[in-house]
Amino acid sequence: MNLFIVESPTKAKSIAKYLGNGWVVRATLGHIKDLPERELGVDIKTLEPKYVWLKGKKKIVDGIKKAAKKAKKIYLGTDPDREGEAIAYFLKEELLKVNTSIYRATFYEITKKAITEAIGGASDINLNLVSAQFSRRVLDRLIGYKLSPFLWRDLKERGLSVGRVQSPTLRLIVERERQIQNFKRKKYYYIKAEFVVDGVEFSAVFKQRFEKPSNAEPFMKKLKDVMFVVKSVSKEMQKEPPPKPFNTVSLQAEASKILGISVDKVQKMAQKLYEEGLITYPRTDSYRMNKEKAQEFMKYIERTYGKDYVGRLRKYKEKALAWGAHECIRPTSLDKKPESVLELKLWSLISSRALASLSSDAIREKFFVVLLALSDHTLEFTAEGSKLVFDGWTRIYPKEVKDRALPHLEEGQVIKPKRIYIEEVEVPPPPRYTEGSLVRTLENLGIGRPSTYATIIKTLKDRGYVVLEKGYLKPTEMAFKVVDYLMEKFPNLMDYGFTKYMEDNLDAVEEGKKDWKEVVRESYRRVLNAKE
DNA sequence: CAGTGAGCGAGCTTCCGCTTGACTT
């Protein structure tokens, strides 16, 4: 008998099916060891971490140990990334006590082929990856546990917190609020001309924008009872490529918007769909899709919508970190659907998005018309129109874009406006973040990971830093104080590029170019550098 | 005798990231 160990019990089930008789597959349920919660757990002089059993994990690993005793070979199939490598490292440390035949197997998708290849090519733990995890973990602990007390002391409130992720995130929310508070109402004025030609209504706008309506008045006088001549008509075809399939962030943002629920709820529902075997792994930053599945989906598109709607499997530029474990979020099969109404809505959203990503471009025809006042050719107006000439992917994943109709116009044609008027346009202040837009911003900045995006928001709420108001995140008084304090005292931590700086250093550790403790020391010094 | 400071004990807040299931409300 051989033993195969993964993180997720759902994966364990699938893999057990592929491997068949002679194999036992077990799951760790994520990390098994971590720094102790109630103390720093890091020797501040040597930076030596103290990893202890996570609650309930000793029991799980004891169970795995029992199986390991009887196993011929043991394969550590935890996720192929920093955190997964650390789990494998601690597993090996324990399992060596009962069996020395231990191998590290990595795979990037759960197919029979990928698993078989992983077993064939199994090797040993990558200690550089493990070291990078230590760096990340210890640095986060130092920042969290050493800096939070500053807030308790100086802001005289208990329960406040500082973190590499949460604090810059809070800064985003607070800075946006300040932009809104300091926003100067600004209005602009446009001159518009309305026409009806062949029963089609359209409007054209004067090339110049005015700060005050009185500035537009002299032009309005000149435009009294004026006729227009069509100077030029042009058009161009525009391709609209399909959207990418979902990853964690885009699913959270899109589903919370469309279904009107929190990103936390989206994530919990997605987890349930995953456990029921209806979708792929829901915590991923990748847009990759399994080739065979993509082929199958494209055949479905051809059967259902016709050949013209079949696109191709596109390659997307992935963030460096998205190299990791999992493909995009997609249905496992188009026939297996959930029963509950809300879950079905989410599943359908995921399915149609995955299908749309494999569908053809939509094609839009855009028109541009230039009109001149017949009496004075310096008075130039323009009109734009557009029309969807081929719906492509938008047939599968609806996108709301209205056509703007223009009548057929010939150069030199003279037309009479129905009316000419001044339109007031007020520039709106920037909006507060929604949970979805915040999570999108974090992903773009490289802050946080797919497994934590939803909990970051929860932490900010729990600390009393933000409240949800009509679906938007609003910072509290305390949030302003905390951000101002941290910006003054630890500006390097509050820099949106800090995580990127850390990641670059972790990359160096992973490549064996830097010592992990040196990276912690340097980064932590950088955080403190401001004053203290 | 007032003021200072060493020493000691009580209370104990907090990080990010990996994964679910066992809790409570």
Side-chain angles (χ1 to χ4, degrees), chain A residues 5-13 26-42 49 51 54-57 59-61 78-91 129-130 132-153 155-170 248 267-268 270-272 274-276 281-285 321 324-326 442 447-460 462-465 478 482 486 490 493 498-499 502-503 506 520 523-524 527:
Chain A
I5 305 167
V6 294
E7 294 175 45
S8 148
T10 313
K11 276 190 200 171
K13 268 183 224 151
R26 293 299 185 86
T28 68
L29 311 191
H31 275 298
I32 59 172
K33 291 193 173 189
D34 191 15
L35 302 177
E37 208 175 338
R38 306 222 156 269
E39 52 174 305
L40 186 62
V42 177
Y51 276 95
L54 274 164
K55 218 174 105 200
K57 293 304 173 70
K59 221 169 146 187
I60 290 172
V61 174
T78 48
D79 290 354
D81 52 30
R82 265 197 321 253
E83 304 295 329
E85 204 71 15
I87 297 171
Y89 172 83
F90 290 120
L91 267 177
L129 270 181
V130 179
Q133 200 271 351
F134 289 0
S135 263
R136 200 280 301 155
R137 185 64 191 94
V138 168
L139 181 59
D140 280 338
R141 171 55 65 92
L142 289 180
I143 291 171
Y145 277 32
K146 296 297 263 186
L147 303 196
S148 295
F150 280 98
L151 293 184
W152 310 338
R153 187 192 70 188
L155 300 186
K156 298 182 182 29
E157 169 116 358
R158 41 187 300 164
L160 301 178
S161 59
V162 182
R164 170 180 56 86
V165 167
Q166 61 169 276
S167 297
T169 304
L170 189 60
T248 300
Q267 200 53 37
K268 288 203 165 108
Q271 174 68 18
K272 186 142 178 270
Y274 165 68
E275 285 166 13
E276 289 163 355
Y281 196 73
R283 289 178 289 273
T284 174
D285 40 22
L321 281 166
H326 308 281
L442 292 180
I447 296 174
R449 303 288 302 127
S451 68
T452 62
Y453 289 125
T455 45
I456 293 166
I457 295 172
K458 187 176 178 322
T459 300
L460 296 180
D462 287 349
R463 297 283 165 275
Y465 291 157
M478 186 49 81
V482 166
L486 294 176
F490 307 111
L493 171 70
F498 185 77
T499 290
M502 180 192 76
E503 287 292 346
L506 296 186
V520 174
S523 307
Y524 191 51
V527 169

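Note on naming: letters A, B, ... go to the chains in the order of the sequence lines (proteins, then strands), and numbering restarts at 1 for each one.
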S.K.: For nucleotides 11-17 of chain B, just jot down a letter per nucleotide in 5' to 3' order: B, S or -, based on protein non-hydrogen atoms under 4.0 Å.
M.R.: -SBBBBB
S.K.: I want to check something: taking the side chain as every heavy atom from C-beta on, are R141(A) and V520(A) in contact at a cut-off of under 4.5 Å?
M.R.: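 A side-chain contact under 4.5 Å is absent here.
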S.K.: Within the 4.5 Å heavy-atom criterion, are H31(A) and Y51(A) side-chain neighbours or not?
M.R.: no
S.K.: Side-chain contact, heavy-atom cut-off 4.5 Å: K33(A) with F90(A)?
M.R.: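 K33(A) vs F90(A): side chains touch.
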S.K.: Which whole-number value in Å describes the distance from K268(A) NZ to dT20(B) P?
M.R.: 14 Å
S.K.: When all nucleic acid strands are considered with a 4.0 Å heavy-atom cut-off, which category describes Q133(A): base, sugar-phosphate, or nothing?
M.R.: nothing
S.K.: Expressed as a whole number of angstroms, how long is the span from R26(A):CZ to dT20(B):C1'?
M.R.: 16 Å
S.K.: Under 4.0 Å, heavy atoms only, any strand: does Y274(A) hit a base, just the sugar-phosphate, or nothing?
M.R.: sugar-phosphate
S.K.: To the nearest Å, how far apart are L29(A) CG and dC23(B) P?
M.R.: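 To the nearest whole Å, that distance equals 15 Å.
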S.K.: List the steps and the verdict of side chain to side chain contact (heavy atoms under 4.5 Å, CB included) for L486(A) and L147(A).
M.R.: CA-CA 9 Å; L486(A) 294 176; L147(A) 303 196; 5.8 Å; no
S.K.: What I'd like to find out is whether the side chain of Y524(A) reaches to under 4.5 Å of the side chain of K146(A), using heavy atoms alone.
M.R.: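 In short, these two side chains touch, coming nearer than 4.5 Å.
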S.K.: Under 4.5 Å between any side-chain heavy atoms of V42(A) and L35(A), yes or no?
M.R.: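 Side chain of V42(A) against side chain of L35(A), heavy atoms only: contact under 4.5 Å found.
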